[in-house]
Every structure is written in C-alpha cells, then in structure tokens.
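Computed from heavy atoms alone, side chains included, the values below leave out hydrogens, waters and symmetry copies. Lettering follows sequence order; numbering is per chain, from 1.
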Number of protein chains: 2
Amino acid sequence: MARASTTSDAFNAVAEPRRREILTYLAGTERPVGEIVSALGLEQPSVSKHLRVLRNVGLVRMRCHGRQKLYRTNAEAIRPLHDWAATFERYWQHQLNRVKELAESTVHQSSADSNAAPKPTPNPKEKR
Amino acid sequence: MARASTTSDAFNAVAEPRRREILTYLAGTERPVGEIVSALGLEQPSVSKHLRVLRNVGLVRMRCHGRQKLYRTNAEAIRPLHDWAATFERYWQHQLNRVKELAESTVHQSSADSNAAPKPTPNPKEKR
DNA sequence: TTGACATATTCCCATATAGGCATGTAACGT
DNA sequence: ACGTTACATGCCTATATGGGAATATGTCAA
C-alpha cells in the first residue's frame, strides 16, 4: 500500500506546509483564490488543488461571490488535531521537569551519553 | 514533486494513523518493540519501520536494554503540532458563537447550505 | 561456537501524490 | 455574441510511500 490519501483526514491534509499556510491565511477571514495566490506566491492551479484537498476534509468552506469564490478556514475541523496533541500535554510537562532535574544534577558531566537519540535527523537521504 | 517525506517533520510523521497509535501507546512509558507489536497487532517489520520514522523526527526516543530496545514517546516533539493547532482556538470559539446566534435567530428559515461537501458547487445567484 | 531471541533492513510494487503546463468552465462587462 | 476575468481540472512525471516476505544484525545463554 502507498501512503494514505491526503484527503483521508485532517492529519494528512495539514501535513503539507502550503496547506497549513493557506489555513493560517484564511483564518478568520474570507478571501478569493486570487488573493491567496498573490499573498502566498504560489501558482494558481496549485492553490486550487490545495483548496480542493482542504475542502474535501472540511478544513475550509467556500462561498460563491460573482465570479470569484471566497474561502475561509473552518477552524472546527482543526480541533481533532488539537485534541489529539493535547493528549500529550501532561507528558511534555513531566519531561520538562525531568530535563530540569537532570540539568541541575549533571551540570558538568561530559558527554559520554549513550541514550541521546541518534540526532533528530530531519532529512535522511533515504536510499532505496 | 511527490509528497514531502514522512520524515520531513512531525506533521508528516503523524499523518499515518498507526504512528499515532504508537505514540499514544508509548506516551509516558518505555516499551520494547515486541510489546508494541503484540499490543497493536502489527507486523514486527512494520513497527520497526514506523519507529524509524518517528525517531527520525524526534517523536520517540530509544534506549538499549539487553537485546531489546526500549522506546518512549518524546512528547516535546508534539508541541509544534499542538501550538499550530492552538492558533485556531479563538476562531472555533467564534464559530461556535456564530452558529449559536444563527440557530437562535433563524429557527424557521434555512436556505441553501453551501458548506459541507466537495460537491459540484451549487449556484446561488449571490449579490452583495 | 552455536542457537535462540529481539529488532532492523532490504527488495519489490501498487498507489498517490505535488508541481508545471495547458486547457476547460463559469460569470461579468460591453 | 465576444473577450476577459477568476477558478478548476486534466495530463504527465519524478518521487516517496507502506505492506509483505525474506534476510541481516545484534545480544544473550549454554
């Protein structure tokens, strides 16, 4: 199987950085496609496609006004994301405490540290 | 271009439902791979691959213990997601109010509702 | 060393992108 | 009707994926 469709849920839809930008831009206000294009500096067809994905998962709403279509973010649809992430809130608070304690007790210790993760490598070249 | 790598950031990594399950399962506790496998009912190679992705973006930490490797969720890495989503908090509150007011004032009359579907756009003769 | 156990990695492949470009379609002004 | 404006959609392609199966790597125990 390949990766799940971008339209399968909000999580997949917002994985794309541009779509996140669009959602941010459309938060609280309606905007026609053209303004999104010029504001974010993207190609018009690209914006239309992203909007289609966002609409499919309910992340944006659309309304026709003359020859233009006004889009706006449907914040409600972002809540599942927020709620899921909030589940971990208590844990990162714990971790902060742990880190703090650790820092206080090992202020001078050198780094023969074998548990540190192998670097949060952002973009491994990934061979195939 | 294809879709961005799953390892490009936390957003892409958590787009996969199984990886979210793993993160939830590993929240607050360390677990060896084998337990994740049996707990979530996935194939072992599959779990290993998902853990690799999660590790690459710093969403999990790993520690060796004998012949097994103990993983745990690094909640800190979920904060960016939470923070981004929280940006929209005020908007969904607004929306709730709007919906409420609307429901109160228009108990009898409701016209074409152009929001939900990715359907062919209905064609209201909007004038504004 | 050998064998069993715990994980990781590789190979293969059907599938779904996202971007660039061209074209289709709908609404407007004249 | 015609041209223009505002978007949407179709086509093409390089690329990355996730699952399954097989295999490799690493660690302990006897």
Interatomic distance where [atom1] belongs to [X] and [atom2] belongs to [N] [whole Å]:
X      : N       : atom1 : atom2 : answer
H50(B) : dT17(D) : NE2   : P     : 12 Å
L40(A) : dG19(C) : CG    : P     : 12 Å
N56(B) : dA16(D) : CG    : P     : 14 Å
M1(A)  : dC13(C) : CE    : C1'   : 13 Å
L42(B) : dT7(C)  : CG    : P     : 14 Å
I36(A) : dC7(D)  : CD1   : C1'   : 11 Å

Can you check whether [X] has a side-chain N or O nearer than 4.0 Å to OP1 or OP2 of [N]?
X      : N       : result
Y71(B) : dA8(C)  : yes
S46(A) : dA18(C) : no
R52(B) : dT9(C)  : yes

Can a donor-acceptor pair be found, under 3.5 Å and without considering hydrogens, that links the side chain of [X] to the backbone of [Y]?
X      : Y      : answer
R20(B) : V14(B) : yes
N12(A) : A15(B) : yes
N74(A) : R61(A) : no

### Query
Can you name the residues that form a salt bridge (Lys or Arg N to Asp or Glu O under 4.0 Å) with E16(A), not counting sequence neighbours?
none
### Query
ring pair (Phe, Tyr, Trp, His ring centres under 6.0 Å) with Y71(A): which residues, sequence neighbours excluded?
none
### Query
Which sits closer to the 5' end of DNA chain C, V53(A) or L70(B), going by the nucleotide each is nearest to?
L70(B)
### Task
Heavy atoms under 4.0 Å is the rule here; annotate nucleotides 21-30 of chain D 5' to 3' with B where the base is hit, S where only the sugar-phosphate is, and - elsewhere.
BB----BSS-
### Message
Using the side-chain hydrogen bond (donor to acceptor under 3.5 Å, both in side chains) criterion, which residues pair with S38(B)? Sequence neighbours excluded.
### Response
none
### Message
Does anything in residues 3-28 of chain A come within less than 4.0 Å of DNA chain D? Heavy atoms only, and list the residues if so.
### Response
R3(A)
Extract all donor-acceptor atom pairs below 3.5 Å that involve side chains of residues 39-50 of chain A and protein atoms in other chains or at least two apart in sequence.
| from | atom 1 | to | atom 2 | distance (Å) |
| --- | --- | --- | --- | --- |
| Q44(A) | NE2 | S48(A) | OG | 3.2 |
| H50(A) | ND1 | R19(A) | NH1 | 3.1 |

### Task
Using the side-chain hydrogen bond (donor to acceptor under 3.5 Å, both in side chains) rule, pick out the option among H65(A), R63(A), K69(A) that qualifies with E30(A).
R63(A)
### Query
Which atom names give the shortest non-hydrogen contact between W84(A) and T24(B), and what distance separates them?
NE1-OG1, 3.7 Å
